[in-house]
Amino acid sequence: MVREWDPRTASSAEIASLLDTLNAVLAADLPQDPPWQENSLREYLAEVMPGERRISWVAQAEPASNGVPGAIMGQVHVLLLGDIGVLEVLVHPSARRTGLGRELVLTAARRVYHEGFQSIGVEVVGDTPAVGFYEALGFAKEYVETRSVLDLATVDWAELTEMASGIGAGYHLEFHPGGPPDELIEAYARAKAEVRDVEDGELRPSSYDPQRLRDSLDCLHRRGMKPYIVLALHEHSGEVAGLTEVVVPAQHPTRADQYDTIVVQDHRGYGIDRAIKARMLLELRSAEPQLVEVQTWNAQANEAMLKVNAELGYRPDREWCEYSVDVADLVHRLDPGR
């Protein structure tokens with residue numbers, strides 16, 4: 001039974017059942033990834049940025065003979081932002097190849113179509129069954145990144161300390177747990193607006209407007225995701241010359257997520273990229289002692305950042321792809337009689 005589902009009002013048992021399915025999917029498809037925890041999972045599923053909406057459905061097994069609700073065997077949600085609906089689907093490995101995944105996608109696609117959106121996008125992890133599943137439904141690959149993972153147990157901390165200090169004269173680094181101070185928000189947003197280390201995929205837009213940046217930081221906190229920022233400040237102008245962002249999610253606190261790393265064009269060539277990322281790792285070592293790994297994503301053509309990551313000890317893991325499809329075509333393919 002597929003039904004619309006609101007994580008804000010869902011029972012604790014439903015949240016726990018969804019977590020079981022999520023971890024079963026991770027164990028099958030990404031066995032090296034840490035299992036998720038229930039910490040702030042409800043908030044992670046419910047909170048969105050202003051102007052965005054998330055609509056969710058679950059597929060629940062039939063109740064037991066004693067009336068105990070059945071387990072959640074699948075879930076789909078679609079995030080409506082801009083002119084695209086971003087899809088995410090989970091199907092318990094024991095329920096795969098039953099048609100459940102297609103039913104969940106069709107349910108979401110119908111809603112996206114009736115909401116007036118033209119396309120649906122989805123992130124697909126390379127070398128998992130999701131690749132064939134979405135390609136069979138007509139999704140086309142639009143963008144590819146490489147995920148790399150750093151095992152902190154392998155880091156040479158003395159060498160990292162040298163890297164963190166290897167920045168040109170006229171710059172200094174600052175560490176800001178929780179996000180940049182408000183007096184630097186506008187300069188921070190200007191740096192993000194001017195250039196990024198790599199063009200983001202459409203499904204994970206960055207924030208370049210000061211107010212949207214504030215909203216983004218607030219949303220992260222509400223979802224149980226703690227941001228850490230290292231800035232390179234140009235001493236003469238006071239401008240943000242470079243920045244790097246790492247987020248430690250309450251849902252998997254042993255593995256952090258790297259967000260944007262940016263060096264403004266006029267300030268390249270002074271060792272800022274390597275220094276800010278090294279400083280970040282040093283700070284995280286103290287601020288998040290339970291942290292074991294950091295994962296990052298980079299376009300395959302971004303050789304400069306891939307080189308910096310390799311020097312820091314990151315190792316390529318697998319491809320991370322963005323796929324998209326025309327909504328009307330998808331609905332017709334899945335439900336030709338509509």
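Residue indices begin at 1 and follow the sequence shown. We use all heavy atoms of the structure for the numbers below, so side chains are in, but hydrogens, waters and symmetry mates are not. The shown structure was predicted, so the numbers you read here are calculated from the model rather than taken from an experiment.
Between the side chain of Gln251 and the backbone N or O of Ser40 there is at least one donor-acceptor pair closer than 3.5 Å. Checked by atom type and distance alone, the side chain of Arg279 never pairs as donor or acceptor with a backbone atom of Val230 at under 3.5 Å. The main-chain N or O of His77 is never found under 3.5 Å from a side-chain atom of Arg54 such that the two would form a donor-acceptor pair. Using a distance-only test at 3.5 Å, with no hydrogens or angles considered, no donor-acceptor pair links the side chain of Glu123 to the main chain of Trp320. Looking at Thr254, its side chain never comes within 3.5 Å of a backbone N or O of Val292 through a donor-acceptor pair.
When Lys141, Glu142, Gln118 are each tested for a side chain to side chain donor-acceptor pair (under 3.5 Å) with Ser324, only one passes: Glu142.
Checked by atom type, the side-chain pair Gln211/Asp209 shows no donor-acceptor distance below 3.5 Å. One side chain, Gln295 or Asp257, offers a donor N or O that lies under 3.5 Å from an acceptor on the other. At a cut-off of 3.5 Å, with distance as the only test, no side-chain donor of Glu183 or Tyr188 sits close to an acceptor on the other residue. Residues Gln258 and Thr244 bring a donor and an acceptor atom of their side chains to less than 3.5 Å of each other.
Heavy-atom neighbours of Asp151 CG from other residues, nucleotides or ligands within 6.0 Å: above the threshold of 12. The number of heavy-atom neighbours closer than 6.0 Å to CD of Glu4, taken from other residues, nucleotides and ligands shown, is above 12. Crowding of Gln290 atom CD: a count of heavy atoms from other residues, nucleotides or ligands under 6.0 Å exceeding 12. Open room surrounds CD on Glu186; 12 or fewer heavy atoms of other groups in view lie less than 6.0 Å from it. The number of heavy-atom neighbours closer than 6.0 Å to CZ of Arg102, taken from other residues, nucleotides and ligands shown, is 12 or below.
Among residue pairs with one or both ends in residues 26-52, those qualifying as ring pair (Phe, Tyr, Trp, His ring centres under 6.0 Å) are Trp36-Tyr44, Trp36-His252; sequence neighbours excluded. Residue pairs that meet the ring pair (Phe, Tyr, Trp, His ring centres under 6.0 Å) test with at least one member in residues 150-181, sequence neighbours left out, are Tyr171-His234, Tyr171-His267, Tyr171-Tyr270, Phe175-Tyr228.
Salt bridge Lys307/Asp273: absent, no basic N to carboxylate O contact under 4.0 Å. Ion pairing between a basic and an acidic side chain is recognised when a charged N comes within 4.0 Å of a carboxylate O; Glu245 and Lys192 show such pairing. A salt bridge links Asp33 to Arg147: at least one charged side-chain nitrogen sits closer than 4.0 Å to a carboxylate oxygen. Using a cut-off of 4.0 Å between Lys/Arg side-chain N and Asp/Glu carboxylate O, Arg212 and Glu52 are scored as salt-bridged.
The shortest distance between side-chain heavy atoms of Pro63 and Pro69 does not fall below 4.5 Å. Contact of the Tyr259 side chain with the Leu220 side chain is registered, since non-hydrogen atoms from C-beta on lie closer than 4.5 Å. Put simply, the side chain of Gln300 does not reach to within 4.5 Å of the side chain of Glu145, judged on heavy atoms. The closest side-chain heavy-atom distance from Leu334 to Leu137 is below 4.5 Å. Side-chain contact between Val78 and Ile120 is absent, with no heavy atoms from C-beta onward closer than 4.5 Å. Annotation: side chain of Ile276 is in contact with side chain of Thr261 (closest heavy-atom distance under 4.5 Å). By the 4.5 Å heavy-atom criterion applied to side chains, Glu43 and Arg222 are not counted as neighbours. Ser56 is not listed as a side-chain neighbour of Asp6, based on a closest heavy-atom distance of 4.5 Å or more.
Val124 and Val144 fall into different hydrophobic clusters, where Ile, Leu, Val, Met, Phe, Trp and Tyr residues are linked whenever their side-chain heavy atoms come under 4.5 Å apart, directly or through other members. Using a 4.5 Å cut-off between side-chain heavy atoms of Ile, Leu, Val, Met, Phe, Trp and Tyr, with links allowed through other members, Leu281 and Leu306 fall into different hydrophobic clusters. Under a hydrophobic clustering in which Ile, Leu, Val, Met, Phe, Trp and Tyr are joined whenever their side-chain heavy atoms come within less than 4.5 Å, directly or via other members, Val294 and Val149 fall into different clusters. In this structure, Val155 is a member of the same hydrophobic cluster as Met163, with clusters built from ILVMFWY side-chain heavy atoms closer than 4.5 Å.
The two residues Ser17 and Ile72 have their closest heavy-atom pair at OG-N, 2.8 Å. Taking every heavy atom of both residues into account, Ala256 and Pro249 meet most closely at CA-CD, 4.4 Å. Taking each heavy atom of His221 and Gly178 in turn, the nearest pair found is NE2-O, 3.0 Å. Counting all heavy atoms, side chain and backbone alike, Leu217 lies closest to Pro180 at CD1-CD, 3.8 Å. The two residues Ala95 and Thr98 have their closest heavy-atom pair at O-OG1, 2.7 Å. For Ile262 against Ala191, the heavy-atom pair with the smallest separation is CG2-O, 3.7 Å.
Rounded to the nearest 0.5 Å, atoms NZ (Lys277) and OG1 (Thr296) are 4.5 Å apart. The CD atom of Gln75 sits 9.5 Å away from the OG1 atom of Thr21 when rounded to the nearest 0.5 Å. With values rounded to the nearest 0.5 angstrom, Leu160 atom CG is found 4.5 Å from Leu282 atom CG. Atom-to-atom distance recorded for Leu233:CG and Leu243:CG is 10.0 Å, nearest 0.5 angstrom. A distance of 8.5 Å separates CD in Glu293 from CG in Leu150, rounded to the nearest 0.5 Å. Atom OG1 in Thr107 sits 12.0 Å away from atom CD1 in Ile55 (nearest 0.5 Å).
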| query | Given Arg42 and Ser12, is the side-chain contact (heavy atoms from CB on, under 4.5 Å) satisfied, shown in steps? | reply | CA-CA 9 Å; Arg42 184 188 302 273; Ser12 297; 3.9 Å; yes
| task | Begin with the C-alpha distance, continue with both residues' side-chain angles, and end with the deciding distance and a verdict on side-chain contact (heavy atoms from CB on, under 4.5 Å) for Arg190 and Val264. | result | CA-CA 9 Å; Arg190 282 195 297 272; Val264 175; over 6 Å; no
| request: Quick one: do Leu90 and Leu22 satisfy side-chain contact (heavy atoms from CB on, under 4.5 Å)? Show the steps, please. | output: CA-CA 7 Å; Leu90 289 174; Leu22 169 59; 4.0 Å; yes
| Given the rule in the side-chain contact (heavy atoms from CB on, under 4.5 Å) test, do Met225 and Cys219 qualify, once you have shown the distances and angles that lead to the verdict? | CA-CA 9 Å; Met225 306 168 75; Cys219 185; over 6 Å; no
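For Tyr323 and Phe139, the ring centers are positioned 6.0 Å apart or more.
Among residues two or more places apart in sequence or in another chain, the side chain to side chain contact (heavy atoms under 4.5 Å, CB included) test is passed with Arg3 by Met1, Trp5, Glu14, Val58, Gln60.
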